[in-house]
Each structure stands twice: as structure tokens, then as C-alpha cells.
Colleague: 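Below are the C-alpha cells for one structure; questions will follow.
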Amino acid sequence: MIDKNKILCFDSHLDISMNAMEWNRDQRWTVEQIRESEKGQSDKPDRGRNTVSFPALREGKVGLVVATQISRVVKPGGPIPGWYSQEQAWAFTQGQLEWYRSMEEAGEMKQIVDRSSLEESLALWENPNERTPVCYMLSLEGADSIISMHHLERAYKSGLRAIGPAHYGPGVYANGTDSSGRLNASGVELLNVMEQLDMILDMTHLNDDAFWHALDIFKGSIWASHNNCRAFVDHNRQFSDEMIHELINREAVIGLALDAWMMVPDWIRGESDPKTRNVTLEIMADNIDHICQLAGNSLHAGIGSDLDGGYGTEQCPFDLDTIADLQKLPDILRNRGFTDTDIENVMYLNFVRYLKGYFDK
Ligand SMILES: [Zn+2]
């Protein structure tokens, strides 16, 4: 049964199709069934440690999500896995799109593309049950797969509404986390066409130079789908207070993430342990609170969990077993003096309000 008293949750970053198509995780199964199916597998570090599936999303009343297509282009011999051509990367994102379509046909998901589909989704989640579709808006993490601006228009027609131009390292349009450099000429063109199409620019993963360059030239809607604060973990993947201030000035909402290395300093992948490092949901609340303090209100922080984004319970808060545990957050925030209105803002309302404004423009 879905507890109707739970507060609706909006998650601004989940790689759902990546898990279906690369990890071979049927999202209709329970988290437990997926874990069972991965017993003995060791091809990826998070095997058997997944936290997301449709039943868990429904249990946690995570009714509205931003769901990604994700596919990188890399050079042979590079440190990060990816495709060797944009055509391969594009085709891979189209496979991911077809998976979302098949989940819509199966009644498991419903796409949000405009104001009316957003309102329909909110209405469905006012009275949810075990069959209520997970409502998703499509986003692209890293724009490498966009072969040409013609492909960008095709993607928009498929319902793509947000793009983060970069991911990790060098990219076709912009360099991402752990790199430097402003947007290249193609990146500038990408942002121009995104602005014409009225797509949301996702600031997450842009390196510092590209972050400021993009803010300079892009006049459309911006947000950050999954980011934490440099004040707690001093790494280029995180936002400095100066960056957060600028995002607030631009009316952005920032989704806070649950990847342990972005929550505590000096995390070592495959070695550090969430329990011994005391990684809990309280740290997400620290990041939420930091943004609220900088803003002077609760209107710019949200949840962009990134759960099952290439890691599982080995690298996320130990008081979270599945994504349904996001429902622990309201009490954590209440104990810190957040009002009911503040809590609703953070749990879903900031992103919902943002999207209403975006669709009504
Ligand atoms: Zn990411």
C-alpha cells in the first residue's frame, strides 16, 4: 500500500534507462528481486547493491522524476568508458528512449513534456496506488551523442527538455568534471539552439571555466540536476558558494545528490565504507540547509539523488536501503527547524514550481 500521508517526492536525476539497458535491471522488479538476480555477478562494483526500481519509487512516493539518457564519446585508450563515435552514442541513447517508450506502453511510466502532462502527473500522484505510473521528464546527461543540431531538434520532439552539455573529462561540446576550458564553438552553437528550442541547461558536471562561460552566454532556463556543495567536499564536481549564489540569482533549483564521495571528503572508491565514514541522510540535509542559508529561503534546494548512478549501497548513506528511504528526509529537516512549507518546497514543490514557470513561458 502507498501511504497517502507521505509527502510527494521529486527526484531531479535518475539514470533509470541506463540501469535497464546497461545493468540489465528490469525496473518492474522489486529492489530485492534485482539484488537476488545479481548474486555472484562482479562485472560492476554495485552488483546486488541497487536501490531503485518502480516498486521502491512508488513506496517512497517518488512520483515525479527527471530520467536520463546517457552516452559518452571517448578516444581509444582513455580512462573513461564510452563509444568511439557520435553515431554509436546517438544510437545508444535512442535505445534508452525506446525502453522508456516500452515502459509507457506497459503503463509503468508517463512522460512529462508540457504543462498539461505535468498537471496530469501531479493529479495521478494525489491519489497513488501500486500501478500509478512513474512520471518522468527526459534529460540528457552529457551532450556527446547529439550528432548535429538536426538531431537536437529530433531529441526535442521526443520530449527531451533538459541537457547537461558535459559529463566527466573531455567532451564533444564542453569539458566536464575533472577538466578545464570554456565551451568550444560547437558548445556555443549547442547552447544557442537549446535557447531557441527553450530547453533547460543543466549546469551539473560543467567544469568551472565552462560553468561561467555558459552562464554568460545562455539566457534561457537553467538548473542543476545533481550537485553538492564545495563547502563540505572541496572538489571541482561540487559548487562553490559563489556558483550557488549565481544559480540562485538565475532562479535555478539545485538537486542534492547521494553519492558518498560527494558527501564526505577523501572518499576512496571501493575502499571507504559508508558506516565507518558515517555517511547518512543528515549530510544531504547539511547540503540542503547550506543552499537555503545562502538563498535566505527554502526555494532553491531539491533532491537529485542520482541513486544507482553507477554506484549502490556500497557508496551511499547507510540509513538508506532503497530510494523509498528518501521519506526519512522530512523528519530530518523538521528536526532542524524546517517548517512544513520548507519541507514541501525541498521534497517536490521547488522543482514543480520551476517546471510550471518553464512550461508557461
Ligand atoms: Zn552525473
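When a ligand or atom number is given, it counts from 1 through the structure's own listing order.
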Colleague: Does a donor on one side chain sit under 3.5 Å from an acceptor on the other, for E105 and S102?
Modeller: no

Colleague: Using a cut-off of strictly less than 2.8 Å, determine whether E141 has an N/O/S atom near the Zn ion (ligand 1).
Modeller: yes

Colleague: Can you tell me the angle formed at the Zn ion (ligand 1) by NE2 of H205 and NE2 of H226, to 10°?
Modeller: 100°

Colleague: With a cut-off of 6.0 Å (strictly less than), are more than 12 heavy atoms of other residues, nucleotides or ligands near CD of E251?
Modeller: no

Colleague: Do the two ring centres, one from W223 and one from Y358, sit under 6.0 Å apart?
Modeller: no

Colleague: Counting backbone and side-chain atoms alike, is an N, O or S atom of H167 positioned under 2.8 Å from the Zn ion (ligand 1)?
Modeller: no

Colleague: Answer yes or no as to whether an N/O/S atom of H13 is found below 2.8 Å from the Zn ion (ligand 1).
Modeller: no

Colleague: Suppose we call two aromatic rings close when their centres sit under 6.0 Å apart. Are Y348 and F10 close by that rule?
Modeller: no

